[in-house]
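Please read the structure below before turning to the comments.
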Amino acid sequence: MAKIGIFVCHCGHNIAGTVDVQQVVAEAQKNPDVAFAIDYKYMCSDPGQQLIRESIAKYGLDGVVVAACSPAMHETTFRKTVASAGMNAFKCESANIREQCSWVHQNAKDEATLKAIAIASSIAEKVKGNEELTPLTLPLTHRTLVLGGGIAGMQAALDVADAGYPVILVEKQDRLGGRMAQLSGTFLNFAAAPDLLRQIIERVSAHPHIQVLTNAEVSELSGYVGNFRAHITHYALRITQPDTVGPDSPPSEGFTFDIGAVVVATGWQPYDRAKLPEYGGADIPDVVDGLTFEKMLAPGSEIRRPSDGRVPREIVFVQCAGSRETPLSSPHSRPMMSGEESANAGARMGGKRGVPYCSKVCCMYVAKQAMLYRERVPDGQAYVFYIDIRSAGKNYDEYVQRAMTDFSVLYLRGKVSKIFREGAKVMVWGADTLSDRALEIAADMVVLATPMTPTAGAAELGQRLHISTDANGFYNEAHPKLRPVETLTAGIFLAGAGQGPKDIPETVAQASGAAAKVLQLFSKDEMTASPMVATVIPELCAACGACVKACPYGARSIHPLWNIATVNAALCQGCGACVVACPNKASQVHNWRPEQILAMVDALYE
């Protein structure tokens, strides 16, 4: 007979405020395989962990169930606790009675208590069948591959290299700097960006632990965390325009590197304004996007209209140009477009228009550009059409207010419906919702604050790296709160705008966060991994290959001599897809065997 200990956590009021924890303990004590059960205020606290250790020694427990929060929060904590008491760490399981019970049933306390009892009982049945496992030990290559030579990639590379580890920095273009190199000045310090970026590029180029490969990209990545093998293709073509490297560029040579970790910092590109015909798209020369206007603001440049070279005296900035868009069918999407114009726009864009998300940076760079314009053209007038101002950041809102008060930039709350040319002027139709008036401005130039979008080929690169993208094409993080710089592929981390729109300070912070994860991985000579991976029962395996096709991580193969399915434990993530696919049930996952799962189901119906 098993001797299981069940420890029920109050989690303050998070659990005990909904679940009757004393009743959970009382019901657990009725199980003949439960030798000890108790509740405590905070099981994750030092006294709570000490209670577990003392109970293991006093009652001779051979399994532990902690009914508390999600296993993602403290399962590792509790497994270390039982291991320190001499019990195998994998004889400890977490029963989630917080996220999956108390939090979602706050208005049904009796039912929540019954559910908590059932969850704890089922996990106790699982623990009875758990094997004593040993963590896997894997070799580790202490070299990092950083993809992208913008500010995110360079910051991550410097952080890792400064710790003494070699870095391979791969940049698709012929120079470092990324989009930041196209900026005239950062938000709160007009003169900061060029010199700051130059210093960072010089540090990267001169660093003894950083090897820079420009005009290059990853053609293949194989292996697993700590033991990747990257094939880099270097192109002979010298790039003069962004985003032109590709399969048609003649390769000059290739490189192969053994890599321990990868940081993906591929950046962003501006939305194609040709897809915004109602804003003039690419048809009106005096309608430009934010990056084009940045070139006019750069030191040594002049603000002049592309059409005739005149200095614009009236300039209109259109925020959210293509951002936060609803489908064309929405009656509110284009209030001043005629039905024919809307149909034509939809036809030109394949029925899609803009992007549904906010790019976060537009409100700030529009304020910066409007102020720089007023400095260069003191007698000029700048207008800003906006839906709302999203200036979330230290001193950001004050910065936008400064544009209004100190530089007399006129902010108009409303959506622009149409931009067209009339003689030498660019006519802007819009609305001021605060005064409830339709507006028409005869401008000399219009600047569109278009969205930040993923770089061309981001999805294809994601497939080569075995990482996923979201509905908008940005790379998916493993968890938005708990694992914001990791991907679901172990050893591959994210930094910068390739993961989603963000400004320079946030990009630098995330890059350093990704570098910290790499250094955490490199802190040991060897790497340990969870042993809860798939296994194969040779006597049942027919070598049909169904598991090989089902495995999303490439961890399965058919052995050429033994003619059975084999598992690469380093690649396996224990997802169980092979278990579902196997017709003979030869594929199983350690500590998630079919008999355990059936015993858990039986416990739910007792």
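This is a predicted model, so every value here is computed, not measured.
- Within the 4.5 Å cutoff, no side-chain heavy atoms of Val170 are placed close to those of Val212.
- Other residues, nucleotides and ligands contribute over 12 non-hydrogen atoms within 6.0 Å of the NZ atom of Lys585.
- Side-chain contact between Asn476 and Leu488: absent, with no pair of heavy atoms (C-beta onward) separated by less than 4.5 Å.
- Atoms CG and CG, from Asp602 and Leu598 in turn, are 6.5 Å apart once rounded to the nearest 0.5 Å.
- Inter-residue side-chain proximity for Gln211 and Pro166 is flagged as unmet; no heavy-atom pair is nearer than 4.5 Å.
- Salt bridge status for Glu131 with Lys91: absent, with no side-chain N to carboxylate O gap under 4.0 Å.
- Of all heavy-atom pairs spanning Met87 and Gly63, the tightest one is CE-N, 3.6 Å.
- Side-chain contact between Val64 and Phe36 is absent, with no heavy atoms from C-beta onward closer than 4.5 Å.
- Using a 30° and 60° split on the angle between ring planes, His559 and Trp562 fall in the parallel class, below 30°.
- Judged by distance alone, the side chain of Ser122 and the main-chain N or O of Leu604 form no donor-acceptor pair under 3.5 Å.
- You'll find the side chain of Phe228 reaches within 4.5 Å of the side chain of Ile492, heavy atoms only.
- By the 30° and 60° cut-offs, the orientation of the rings of Tyr357 relative to Phe474 is perpendicular.
- In this structure, CG in Asp39 is found 9.5 Å from SG in Cys9, a value given to the nearest 0.5 Å.
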